[in-house]
Amino acid sequence: MDERVLGATGLRVSSVGLGTLTWGRDTDAHSAAELLRSFVDAGGTLVDTAASYGDGAAELVVGTLLGDVVDREDVVLCTKGGVRQTAGGARVDSSRRALLDSLDASLARLRTDHVDVFCVQQPDPATPCDEVAATLEHVLVSGRARYVALANHPAWRTVRVADLLAPHRLAAVQVEYSLLERGVERELLAAAAEVGAGVLAWSPLGRGVLTGKYRRSVPADSRAASAHLAGFVAPYLGTDTAPVVDAVVTAAAGLDIEPLEVALAWVLAQGVASAVVGARTPAQLAPVLASRAALPAEILAALDEVSAPALGYPERR
């Protein structure tokens, strides 16, 4: 797979990233090791995790694999902080205290002294932007991370934090982006370009729905059937998304490729730095790694047309 530069930085990341949302929970250590080995062997470098994934379980698994299954220097390691578990459930907290405590705990679980990218996972209305920016600057200066990023933040907050962080750079924004989720096209993509941040697109396969496997039923071994992830997939299983999924399946049949290749190729054609795919099993990852599809212009245009109006997004001009 090819490498792409992350925004206006010099950091190169693989065009497909490996997500670890299910590691330590639905994906055991043995399967995770096979996933990571296959990913790196195929030229993949970006490994994406978070302190909140399994309340640290995913990072623990990643930490056991670095050095044993793959060399630490062979991966671009990204983790996220700012969401912590409390007695009342998950709580967004991007205060200086919370971010630094989270990152230090992540480094211990990952068995490393630094991550390549540290990302604030969610916007926190209770924490001022200047505190977030100052904390990210400290993360860089202290050597805990080589680059910093924001995930799932609105455009105005992204620009504000980036301005406050200068002369240090906001390296990336991580956002959900697929044919089923194009809301970031309204403002966020332009904001990222303005501040020189690369785009890391999570769930480029529409939480698995764009593979076409949910068109007739919910497979027993799918995320939608998982007690942990059923609510994650459910928003994309309605009738509103069916025309988009059908268009992807039709395009794939015409090109003699898999639907997931069409969905992935569409996202990569939008200029993102990397599309982060959270395969739960080696069997799910294999076709992603084998994908080399580049969509013809007429297919890209047709997918744009069917997805934007169907989901309420403005058509491109």
Side-chain angles (χ1 to χ4, degrees), residues 19-29 32 47-64 77-115 117-140 142 144-145 148-154 156-158 160-161 164-165 170 172-176 181 183 188 200 202-203 207 223-236 276 278 280:
T20 63
L21 174 65
T22 63
W23 289 22
R25 190 172 52 192
D26 294 332
T27 302
D28 62 24
V47 176
D48 180 75
T49 190
S52 64
Y53 292 175
D55 198 17
E59 290 181 327
L60 283 171
V61 173
V62 174
T64 64
L77 185 58
C78 173
T79 197
K80 298 179 283 293
V83 177
R84 60 187 178 88
Q85 290 296 324
T86 68
R91 177 183 175 186
V92 176
D93 187 348
S94 296
S95 66
R96 181 183 179 93
R97 174 190 178 187
L99 289 178
L100 294 181
D101 285 352
S102 176
L103 179 53
D104 287 342
S106 291
L107 293 176
R109 288 189 290 264
L110 292 166
R111 303 182 186 183
T112 184
D113 62 357
H114 75 280
V115 292
V117 182
F118 178 63
C119 188
V120 182
Q121 189 169 0
Q122 295 285 349
D124 175 13
T127 302
C129 288
D130 59 351
E131 181 172 341
V132 174
T135 304
L136 292 179
E137 179 180 6
H138 180 70
V139 165
L140 291 169
S142 66
R144 290 175 171 94
V148 292
L150 299 176
N152 310 307
H153 282 58
W156 73 267
R157 191 176 287 268
T158 297
R160 180 61 176 155
V161 171
L164 290 166
L165 188 60
L170 184 70
V173 296
Q174 188 169 145
V175 292
E176 183 175 8
E181 177 50 81
L188 195 281
L200 304 176
W202 64 266
S203 206
R207 308 187 186 188
R223 287 185 179 184
S226 164
H228 302 295
L229 296 172
F232 178 69
V233 180
Y236 290 165
V276 180
R280 291 183 300 111

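Side chains are part of it too, since the values below use all heavy atoms of this structure and drop only hydrogens, waters and symmetry mates.
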Going from [atom1] on [X] to [atom2] on [Y], what distance comes out if it is rounded to the nearest 0.5 angstrom?
X: Gln122; Y: Ser52; atom1: CD; atom2: OG; value: 8.5 Å
X: Ser142; Y: Glu137; atom1: OG; atom2: CD; value: 10.5 Å
X: Cys129; Y: Leu165; atom1: SG; atom2: CG; value: 11.5 Å
X: Gln174; Y: Leu150; atom1: CD; atom2: CG; value: 10.5 Å
X: Phe118; Y: Leu140; atom1: CZ; atom2: CG; value: 10.5 Å
X: Leu99; Y: His138; atom1: CG; atom2: NE2; value: 11.5 Å

Does either side chain, that of Ser106 or that of Glu59, offer a donor lying less than 3.5 Å from an acceptor on the other one?
yes
Side chains of Thr20 and Thr49: do they bring a donor and an acceptor to under 3.5 Å?
yes
Positive for side chain to side chain donor-acceptor pair (under 3.5 Å) with Tyr53, one of Lys80, Arg25, Gln121
Lys80
Side-chain contact test, heavy atoms from C-beta onward, threshold under 4.5 Å: evaluate it for [X] versus [Y] and give yes or no.
X: Val132; Y: Leu136; value: yes
X: Trp202; Y: Glu181; value: no
X: His153; Y: Val161; value: no
X: Leu188; Y: Val173; value: yes
X: Val62; Y: Leu77; value: yes
X: Thr64; Y: Arg111; value: yes

Can you give me the closest heavy-atom contact between [X] and [Y], atom names plus distance?
X: Ser94; Y: Asp124; result: N-OD2, 2.9 Å
X: Asn152; Y: Pro123; result: O-CD, 3.4 Å
X: Ser102; Y: Gly82; result: OG-N, 4.3 Å

Under the side-chain contact (heavy atoms from CB on, under 4.5 Å) test, which residues partner Ala57, sequence neighbours left out?
none
Criterion side chain to side chain contact (heavy atoms under 4.5 Å, CB included) against Leu107, the qualifying member of Val115, Thr79, Asp113:
Val115
The side chain to side chain donor-acceptor pair (under 3.5 Å) partners of Asp93 (sequence neighbours excluded) come to Arg84, Ser95
Pairing of Arg207 and Glu176 as salt bridge, 4.0 angstrom limit:
yes
Decide if atom CZ of Arg160 counts as having more than 12 heavy atoms of other residues, nucleotides or ligands within a radius under 6.0 Å.
no
Would you confirm whether Thr27, through its side chain, and Arg280, through its main-chain N or O, come within 3.5 Å as a donor-acceptor pair?
yes
